[in-house]
Participant: 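After the structure tokens below, expect a handful of questions from me.
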Amino acid sequence: MLGLSLDQLRADMNRLLALLFHQGVLDEQFLQLQQLQDESSPNFVSEVVNIYFHESEKLLRNLRALLVDKEFSDYKKMGIHLNQFMGSSSSIGAQRVRNVCIAFRAACEQNNRAGCLRALELLEYEYCYLKNKLHELFQIEQQRILAGAVRYPVPQQHPNNPQV
């Protein structure tokens, strides 16, 4: 048999999701997002998450650019970027990323540059972990969809020749 069976792929998806929930990477908001996906929009979740990734990359670049500047003092601007990141992370159920944003914002409110740098490193780590795991999940999901679409012809028995 080519590839994995539908049941194996479904089990792999469920195991990965269970791990991400157990680790606190995702929360129930991700499940609510999945419930919005149906046959009319089979890629809804991956499309929403890819928009999140695209916007998050920009926010991370902006945060890094602000902190790299030795004369940095605009903690309010950094807080605005963090609020955007926190909101979008909450909307897809990225719990650990959101939690790091909260800690990062607290460092901003205290004008704590060293704390902000540490929080940025942790935020980048958590974001990359989330991105890698969700890409893995979406790859398994695509394999499952493809495996479900493949139909092998059933050999036909001819009435005059049962061997054919």
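Excluded from the calculations below are hydrogen atoms, water molecules and symmetry mates; all remaining heavy atoms, backbone and side chain alike, are included.
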Participant: Look up atom CZ in Phe138 and atom CG in Asn43, then write down how far apart they are to the nearest 0.5 Å.
Facilitator: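 These two atoms lie 9.5 Å from each other.
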Participant: CD of Glu109 to SG of Cys116: how many Å apart, nearest 0.5 Å?
Facilitator: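 Atom-to-atom, Glu109:CD and Cys116:SG are 10.0 Å apart.
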Participant: Evaluate the criterion side-chain contact (heavy atoms from CB on, under 4.5 Å) for residue pair Arg105 and His81; output intermediate values, then yes/no.
Facilitator: CA-CA 10 Å; Arg105 190 175 62 185; His81 290 311; over 6 Å; no
Participant: Establish, from distance only, whether the side-chain atoms of Asp38 and Ser40 form a donor-acceptor pair under 3.5 Å.
Facilitator: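 Yes - a donor-acceptor pair under 3.5 Å links their side chains.
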Participant: Let me confirm one number: the CZ-CG distance from Phe30 to Leu20, rounded to the nearest 0.5 Å.
Facilitator: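 Here the interatomic distance stands at 8.0 Å.
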Participant: Taking all non-hydrogen atoms of both residues, which atom of Tyr127 and which atom of Ser56 are closest, and how far apart?
Facilitator: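 Looking at all heavy atoms of both residues, the closest pair is CE1-CB, 3.4 Å.
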Participant: What is the minimum heavy-atom distance between Ile92 and Tyr52, and which atoms define it?
Facilitator: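 Looking at all heavy atoms of both residues, the closest pair is CD1-CD2, 3.4 Å.
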Participant: Quick test of your reading of the model: are Lys133 and Glu136 salt-bridged, counting only N-O distances below 4.0 Å?
Facilitator: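 Yes.
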Participant: Identify the heavy atoms of Leu130 and Ala94 that sit nearest to each other, and give their distance.
Facilitator: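 In this case the closest contact between Leu130 and Ala94 is CD2-CB, 3.6 Å.
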Participant: Could you report the tightest heavy-atom contact between Leu26 and Phe21, atom names first, then the distance?
Facilitator: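 Leu26 and Phe21 have their closest heavy atoms at O-CD2, 3.5 Å.
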Participant: Do Arg118 side-chain atoms and Phe104 backbone N/O form a donor-acceptor pair below 3.5 Å?
Facilitator: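 Pair absent, no side-chain N/O of Arg118 close to backbone of Phe104.
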Participant: Do Leu36 and Leu17 share a hydrophobic cluster (ILVMFWY, side-chain heavy atoms under 4.5 Å, transitive)?
Facilitator: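 Leu36 clusters together with Leu17.
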Participant: Which value, rounded to the nearest 0.5 Å, describes the distance between Met13 atom CE and Arg144 atom CZ?
Facilitator: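 Met13 atom CE to Arg144 atom CZ measures 5.0 Å (nearest 0.5 Å).
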Participant: For Gln8, is there any backbone N or O sitting under 3.5 Å from a side-chain donor or acceptor partner on Ser5?
Facilitator: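 It does hold such a pair.
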Participant: Give a yes or no on whether Val25 and Leu19 share a hydrophobic cluster (residues Ile, Leu, Val, Met, Phe, Trp, Tyr; joining criterion: side-chain heavy atoms under 4.5 Å apart).
Facilitator: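 Same hydrophobic cluster.
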Participant: Less than 4.0 angstrom from a charged side-chain N to a carboxylate O is my criterion; do Arg98 and Asp27 meet it?
Facilitator: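 Here Arg98 pairs with Asp27 in a salt bridge, since their nearest N and O are under 4.0 Å apart.
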Participant: Honestly curious: do Leu31 and Leu16 fall in one hydrophobic cluster under the side-chain, below-4.5 Å linking rule?
Facilitator: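 Yes, because Leu31 and Leu16 connect within a single hydrophobic cluster, where side-chain heavy atoms sit under 4.5 Å apart.
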Participant: I need the Leu59 CG to Phe85 CZ distance, nearest 0.5 Å.
Facilitator: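 So the gap between those two atoms works out to 6.0 Å.
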Participant: In chain order, what residues pass the side chain to side chain donor-acceptor pair (under 3.5 Å) check against Tyr125, with sequence neighbours excluded?
Facilitator: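 Partners of Tyr125 by the side chain to side chain donor-acceptor pair (under 3.5 Å) criterion come out as none, since no residue qualifies.
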Participant: Applying the 4.5 Å side-chain criterion to the ILVMFWY set and letting contacts propagate, would Met86 and Leu67 be lumped into a single cluster?
Facilitator: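 Different clusters.
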Participant: Determine whether Arg64 and Glu124 make a side-chain contact, defined as any pair of heavy atoms from C-beta on separated by less than 4.5 Å.
Facilitator: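 SC-SC contact between Arg64 and Glu124 confirmed.
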Participant: At what distance, to the nearest 0.5 angstrom, does CE of Met78 lie from CG of Asn62?
Facilitator: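 Rounded to the nearest 0.5 Å, the CE-CG separation comes out at 10.0 Å.
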Participant: Identify the heavy atoms of Asp69 and Arg113 that sit nearest to each other, and give their distance.
Facilitator: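 Distance-wise, the nearest heavy atoms are O-NH1, 3.3 Å.
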Participant: Between the side chains of Tyr75 and Gln110, is a donor N or O closer than 3.5 angstrom to an acceptor N or O?
Facilitator: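 There is no such pair between these side chains.
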Participant: Could you tell me which non-hydrogen atom of Gln29 sits nearest to which non-hydrogen atom of Ser90, and how far apart they are?
Facilitator: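 Scanning both residues, the minimum pair turns out to be CG-O, 3.1 Å.
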Participant: Kindly determine whether Glu141 and Gln37 satisfy side chain to side chain donor-acceptor pair (under 3.5 Å), including the steps that lead there.
Facilitator: CA-CA 13 Å; Glu141 185 175 35; Gln37 184 166 294; 3.3 Å; yes
